[in-house]
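First comes the structure, then the notes that go with it.
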Amino acid sequence: MSSSNRFPTMPSFIISTILALVPTTMAASSAPSSLPKVDYSKLGSVGLGGAFSGLDWWTSSNSSSSSSSSTTTTTFSSDGDTLFYRSSDGTFHPLGSTNSGGLISSICWSNTTSSNGTLYIGGAFSSIAGTSATNVASYSIDSHSFSTLSSGLQGQINTLYCDNAHDEVWFGGSFTAPTGSGGNVAVWSTSSSSWVAPEFGGLNGVVESITPSANGSSIYFGGDFTTTFVSNSSSLLNTTSLTNGTAGNITSIPSAPDNTTTVGKSGYLTPLIISSAGSAPDNYVPSQYSNGDFDYDIQAGPSTTQSQYSNPDVLLCPGRGDWLAEDNTIGNLNLFGQSDMSATGIRVVNGLVEGRGTKYFCLTIAPQWVELNMTYTDPKTGKNETCQTHCPLYTDPSISGQDFIFTDGTQNFTGFEMQLKEWIGDGVGLSSVSLLTDGAYASGGSSGKERTCSAGGNSTVQTVGDWNNKTVSGDSSTNHYLSSSVSTSDPTDSQVTFYPYVSSAGNYDIYVVIPGCINAGDCNSRTSVDIEVFPLQGGLGWTSTISEQVDYDTKTLVYSGPVDMSSGSFTPTVSLALAANPAKVASGNRYTVVADQVQLTLTGVSGSPSSSSSPSTNGTAIMRIPGTNGTTSVNSTQVANSTYSVAYGVFEWSRSSTSSINAATSFLSNNTETALTRLGFSLDAALNASGSAASTWIVNTIVSLENTVFVGGDFSASNNYTNVLSIDTTSGQASALASQGLSGIVNTAAVVDGYVFFGGDFTSTASSGGVALNYIARYDPKSKAWAALGGGVDGYVTDLLASTSSSTELIVLGNFTHTIGSNGNSTQSGGYAVWDTSSSSWTDTGVVFGNVSAGAQPSSSSGVKDESFFAGKVYGSSGNSVNGVATISSDSDGTAKITSLNGVSFSDSGSSPAKSSTASRKRSSHEHSSFTRTWLSRFTDAMVVRASPVLSSRATAPAISSEPAPAPAVLAGAFWTNSSASGKPKITILGGNFTASSSSGGDIEGVAFYTDEQNGLTGPNPPVGGVVKTLSVVGNDLYVGGEGVTVNGVGSGVVVYDLQKGSWMSGGIPSLNPASGSNVTVNAIRKRGNSNTVVVAGNFATAGSLGCASVCLWDSSNAQWSTPGSGLSSGEVRAIDFAGDNSDTLIVAGSFILSSGEVAHVASYSFSNSSWTALGTLPGPALAIAVDNRNVNNIFAAGYFLADGHPYLLVWDGMGWSASPNYDRLQTGTIVQQLAFVPMSDEHTAQGSIENDRMLMVTGDLNLRDSGNVTSALYDGSNWYPYLVATTSTGGLGAASTLFWSQSSFSFNIRHYLARGLVVLVAIAIATGLVLLFVLLALLIAYCTRRRERKNAAEQRELYEKDAAEGGSEGDVSSTHQHVFNNVQAALEASLVGGGLAGAGAGAAAATRASEVRRSDPSSYEYPVGSDGENGEDEDEEEDEGRETTMRYDFSGPELQEGELSMKAGQLVIILDDEQSHEWWYARDPATGREGVIPATYGELPSTLLQIFCVLADIKCVCYSLVNMCFSLID
């Protein structure tokens, strides 16, 4: 925009004055133009309180929030994840939800198939928006429809990447490949709408992140996987799979007995045999170092009396016999020991003996004491089923056994309890119970119980050297292992060879378990060992070197690939021996070598996608799987000149790569290594040294900024880096970030505005004394420094997105509810927030109720560039986060706005009644009441003003049902201006059912104070117990009432707080007391007009000892209760209002009984004659009342029919009640909390008894026909206008309780404004008039000045004439100049007088002056020769009358005539006469004393005229500015 102005600049003092009158407002949500315009400016400050966390203006799009609406509009799900979007106006809209329990982990946006693009969705779900889809789906933004992607993916999806440049969508997670032989990575072609295999096959573990490189030439993968690189690429030419290799074909054969009902691959699992104390299975062959101890005790009972079926030991090995329980009795089998067992399932053989058998059982493991959920195959249907409390055993003799797999995967335990629940015949029975493992075990320190019992095979161990059996105690078990001590100077052979029994051939991971040195007490002497694996009959060995210098028990993967089954001619072996080059010990001169256990885990069987073999040529290698502790093959055996390196967690695939080698199952050439690969080597080395922490290692995110790649996750290297790393892709140098990284897991990262942002589960940097952070951090690569984002958020972050609509905005998603500002104040946001890097602050984004897990941003050039897409477990949303209270105001154009109170945050718990205590009866230390009380009233609270006796009730008023106010809820509000404080701040006072933390420290309950300056909540001390339902400010006193309201040491019922002094008034108000069997409730407190009377209404019986039911009057001046007239007999008053110009009449609404015994729902009380009058008959209790502009004959009441609970809205016209037109739009379920007449900005057609300048605002929990549920609605006497919609923190419908405002009295009259054109014309007319006025004033001033100067000139002429008469010579001025003099005088007189200022005689005066001839003599031009001193003094005085000026131009030359004064530009000259001509001035040269005439235009203007012209210019500027202001106001 141009810096030039259309009009002259307005003076600064005018600008400052105008700006001082312009109010400043915070960012707010504006009401749509379709809603009626309420003029909130007349009400002063306005607040709305209730039980809600979000508040929005009603629109047709959010009307579907009604629970009763029949619309099919998509809503947020309460039990699944929802895909939704945020529109440009800041509102959130659901698109579709998953099945119950479904999870959306990642989404991305692709523009390759349509103009607006397509969203791709991944997670763990079976359907979305009713469309069947297996874990993946797409959503067309153009057609608003969901579609499946072929048959989906079998496994969970963790991450997506839409590669629009190549028409591809990449999926990463834990799943089998839809095509090809890889896994965990899949590619969807958007051009062919089909799956295509990645060129590198896949990866061998979970993938958590897929992102492009900075230049797009590569794709980065992060997760929990490994890749292995071979240093000699030529060896790859000889790499073949084991099929038809030297080892022969690998064929997996199930080991389960015939006729066993298996589930999944359970037939390939190995059953464990567990030996009981005192007995061992017949086929048990102990290992060399078995000591004969038996760890496990088995008990079963109650056993049958038949001896051949009463021994439970037979159950531990199939085929040994049967066990029967006592007849018609539930049987229990218990097995407990001291060592850990690891099992994946259980195989049960029913004991079908003598017509008996078991029908159902359940299994509980110890020490967790968890009843397991198990999966089995129904032999009748062939379908998989699950069970927990009643797992079926079939009694068909043709079924030899049944397999049950633990649904939650492998379990570790020390014992189990099996309960046999139902039976056939006389009782339950079992033949055998075998635990199934997903592999095989061989323990070096076993106590004699290698527990395999399949086909007569068992695992065994052989040793070479001196080995000792050791025992170490864990948290819940005792473990045995072997240990050997070898001299460092003369190491001898120490070797253990494990022979694990493998029941079925297949693909296995083989682990060596290393006992931790801390518990063993041998850390100083631990070293490294060589491992050699012979997995295949006739195959070569695989060797590696691993470290045993681990603090805690560690599983190290030493092989991954095919393993032959054990047979009579072959058994797979794993040998452990002191390394050829042992690692140096920490101290001492002996090595300690330990051998605990070898574990084999089945990963696949022959023919399955996961059974692809690792290459087996003349080399050895180390393979690893995710989530375990692997080892860099530092000392690996080199065969055929090949060595291998393992990279953990990261993989880079270059689009220029021509290799088709499967990265999941094969070795990659080292010529494909990148800088990121070398970072993976470092991570793998650190993983090996991490001990037990390695089980949680994972890479969650990879981002790039220019030439640097940042990696985040869950990993660390002691005293080096923690959870984050970076690597320079140019130099290949890896670096730890400042302060050694972050203290917790990093889930996500994004680059915005040159910074790298990390989100996760951390609260600070890793090193002590670092930066305090809350789940999100900013890293500056240039300064290498961390910075917080304000105060962060209050929960962990799952995803970060760089906004495509703003280069400075970061979108933050996660499991949090509030953002925290730099000042510590929190703002409710839900799991979605936006950080602006330019302002370093959180932006106002509304609130989502729930957790957001994923997001996607369309490109800035797309048709949906202003929309953002998200997914998560979200229950609802709102454009305004208001947390129980909002302020509402009107803009300058009348548009209403909703604004939240910054820093206001309540906890989920409500205020509760204070506990009674001795202290509460003691004298309060707070300031005493300022009430003026008589000496008599101080003696007892019973001394009150007595009214006429109360008549006993003759009927019972219907009880009003109490609506719950779930915490947190703001039920009352008020405003107070602290006139004595600097700046006179306005205090917002809140009351309700809530608790909070004070910004100044301490707890807040029931009542809270808010100011913009504090930007947070404070509260009175002590706090208020109970639920506050009403507040009223009377002067500087705050009256508080509600249900169960008490303040310790102060009082109950109604309590008063001195806002000026900041303390409770103790002993000021006698307590209100309930009727028998009820509680005190105060629903309304209001001051009557300008009197000292405070009306208190609710449900109570007495005030002190004064009978004062339901309505009582408090005199704030005399501090006394009084009964209004004869009072009410009983009942409850819900609402009150006043009628009459001086509030002469009190109107009460509720359900109560008058002193006459009459049941009423609305009644009036006349203060003038102290009488009560029932206002007609209503169909049920009234909940709210409103008097239209104090008119006692125009009253609206809302309540419900006593017969059916249907709501009503009726109007009183002075004669009776009538139904308001269209009141029946209020549907059943409506609860009206308040009625209030509000002024309008625009007139509407008057309807019924409501004038055209106001409407009735109905507030509560409303159900409007055709509109659904709303929080507030406007009613014009006939038509309903849904107005506000509130939302709770769980996404449900919120309710409002009170609209409160600061202006006690206001006018409903609508201000009428002229049309815009007329405003312009009036503004121009005013400006023109002001200009003319000031011009006239300037001319008048000039005229007066000239008259004074002419007077002085006349006196001078007389002096000249006198001098001439005394002998002066005739003038020496030429006749030309004499003529000039005549013209000068005539023109001057004509300009000053002839313009009309002199009146009717001006023309004659001008003619007279024109005819006069100036006498010129020598004294007029030069000093007379020979003059005396007196004469000279007069001449000096004459000179003083001239004015000085400066010549602007040269006036000289031969053409000058006689009498003209020659002067140069810049020369000082004295003007002696400038009155007689506009063209010529008579002047003197002060340097020479010469006099003569000069052109008037050659000299400067007189200062008086200059000042006048300047004033006129300023006036012109002001007038133009006023016109400009008028234009801006009407714009």
Side-chain angles (χ1 to χ4, degrees), residues 31-48 57-58 887-898 1086 1089 1135-1141 1143 1145 1147 1149 1162 1182 1184-1198 1209-1214 1217-1223 1225-1226 1232-1260 1262 1264 1270-1284 1296 1298-1313:
S33 59
S34 59
L35 295 180
K37 285 188 176 181
V38 178
D39 190 353
Y40 291 102
S41 63
K42 294 181 178 179
L43 301 176
S45 300
V46 183
L48 181 72
W57 303 107
W58 185 91
T887 60
I888 308 178
S889 59
S890 292
D891 209 345
S892 59
D893 63 353
T895 302
K897 294 182 179 296
I898 298 172
R1086 287 186 63 179
I1136 63 175
D1137 203 352
F1138 293 99
D1141 294 337
S1143 300
T1145 304
I1147 309 297
V1162 176
I1185 197 80
V1187 179
D1188 185 1
N1189 206 21
R1190 303 296 177 91
N1191 184 358
V1192 73
N1193 294 322
N1194 195 12
I1195 303 173
F1196 283 77
L1209 178 66
L1210 305 178
V1211 60
W1212 172 262
D1213 60 4
W1217 294 99
S1218 61
S1220 300
N1222 292 320
Y1223 92 91
R1225 280 194 63 187
L1226 292 173
V1232 178
Q1233 297 284 7
Q1234 184 188 41
L1235 297 176
F1237 283 96
V1238 292
M1240 306 304 294
S1241 297
D1242 301 321
E1243 291 181 350
H1244 62 88
T1245 302
Q1247 303 282 352
S1249 61
I1250 298 181
E1251 296 87 336
N1252 63 357
D1253 57 2
R1254 70 203 67 183
M1255 286 190 184
L1256 181 67
M1257 182 175 287
V1258 184
T1259 299
L1262 314 180
L1264 288 179
V1270 298
T1271 302
S1272 290
L1274 294 172
Y1275 179 68
D1276 67 1
S1278 177
N1279 303 304
W1280 287 92
Y1281 302 92
Y1283 194 60
L1284 292 168
T1298 177
L1299 181 78
F1300 56 99
W1301 55 89
S1302 62
Q1303 197 71 288
S1304 58
S1305 61
F1306 57 88
S1307 171
F1308 287 99
N1309 293 333
I1310 295 176
R1311 303 183 185 97
H1312 294 279
Y1313 299 96

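For the numbers below, each heavy atom of this structure counts, side chains included, while hydrogens, waters and symmetry mates do not.
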Heavy-atom closest pair, residues R1254 and N1189
NH1-CB, 3.2 Å
Rounded distance (nearest 0.5 Å) linking atom CD1 of I1147 with atom CZ of F1196
14.0 Å
Can you tell me how far apart OG1 (T1145) and CG (D1137) are? Round to the nearest 0.5 Å.
11.0 Å
K42 side, atom NZ; S1241 side, atom OG - distance, nearest 0.5 Å
7.5 Å
May I ask you to test the P1239-L43 pair for a side-chain heavy-atom distance under 4.5 Å?
yes
Does the side chain to side chain contact (heavy atoms under 4.5 Å, CB included) test come out yes or no for Y1275 and I1250, once each step is laid out?
CA-CA 9 Å; Y1275 179 68; I1250 298 181; 4.0 Å; yes
Nearest non-hydrogen partners of A1135 and A1184, listed with the distance:
CB-CA, 4.0 Å
Holding to side chain to side chain contact (heavy atoms under 4.5 Å, CB included), I want the full list of residues that pass it with A1219, two or more places apart in sequence or in another chain.
L1210, Y1223
Any donor-acceptor pair under 3.5 Å linking the side chain of D1276 with the backbone of M1255?
no
Heavy-atom check, side chain of D1213 versus side chain of N1194, under 4.5 Å:
no
Is there a donor-acceptor pair closer than 3.5 Å between any side-chain N or O of S1220 and the backbone N or O of L1209?
yes
Just say parallel, tilted or perpendicular for the rings of W1301 and F1306, cut-offs at 30° and 60°.
perpendicular
D1253 versus M1240: any side-chain heavy-atom pair under 4.5 Å?
no
For L1284 and L48, which heavy atoms make the closest approach, and how far apart are they?
CD1-CD2, 3.6 Å
How about L35 and Y1283: do any of their side-chain heavy atoms sit closer than 4.5 Å?
yes
With distance as the sole test, does D1188 use its side chain to make a donor-acceptor pair with the main-chain N or O of N1191 at under 3.5 Å?
no
How about L1235 and V1258: do any of their side-chain heavy atoms sit closer than 4.5 Å?
yes
Over all atoms of both residues, closest heavy-atom pair of R1190 and S1143:
NH1-OG, 3.0 Å
Okay, side chain of D893, backbone of T895: is any donor-acceptor separation there less than 3.5 Å?
yes
Considering non-hydrogen atoms only, spot the tightest contact between A1236 and A1186 and give its length.
N-CB, 4.3 Å
Point-to-point distance, once rounded to the nearest 0.5 Å, from CG of N1252 to CZ of F1308
12.0 Å
Is any side-chain heavy atom of N1279 closer than 4.5 Å to a side-chain heavy atom of H1244?
no
With rounding to the nearest 0.5 angstrom, report the CG to CZ distance, L1264 to R1225.
5.5 Å
Any Q1247 side-chain heavy atom under 4.5 Å of P1221 side chain
no
State whether the side chain of W1280 and the backbone N or O of A1273 hold a donor-acceptor pair below 3.5 Å, judged by distance alone.
no
Nearest heavy-atom pair of V1162 and A1182: which atoms, and what distance?
CG2-CB, 4.0 Å
Kindly indicate whether the side chain of L1274, heavy atoms from C-beta on, has any atom under 4.5 Å from the side chain of M1257.
yes
Quick one: does S890's side chain have a donor or acceptor within less than 3.5 Å of a partner on V38's backbone?
yes
Could you please spell out the steps behind the side chain to side chain contact (heavy atoms under 4.5 Å, CB included) verdict for V1232 and L1262?
CA-CA 7 Å; V1232 178; L1262 314 180; 4.0 Å; yes
Should we count CG of D1141 as having more than 12 external heavy atoms under 6.0 Å?
no
Can you name the residues that form a ring-ring contact (aromatic ring centres under 6.0 Å, His included) with Y40, not counting sequence neighbours?
none
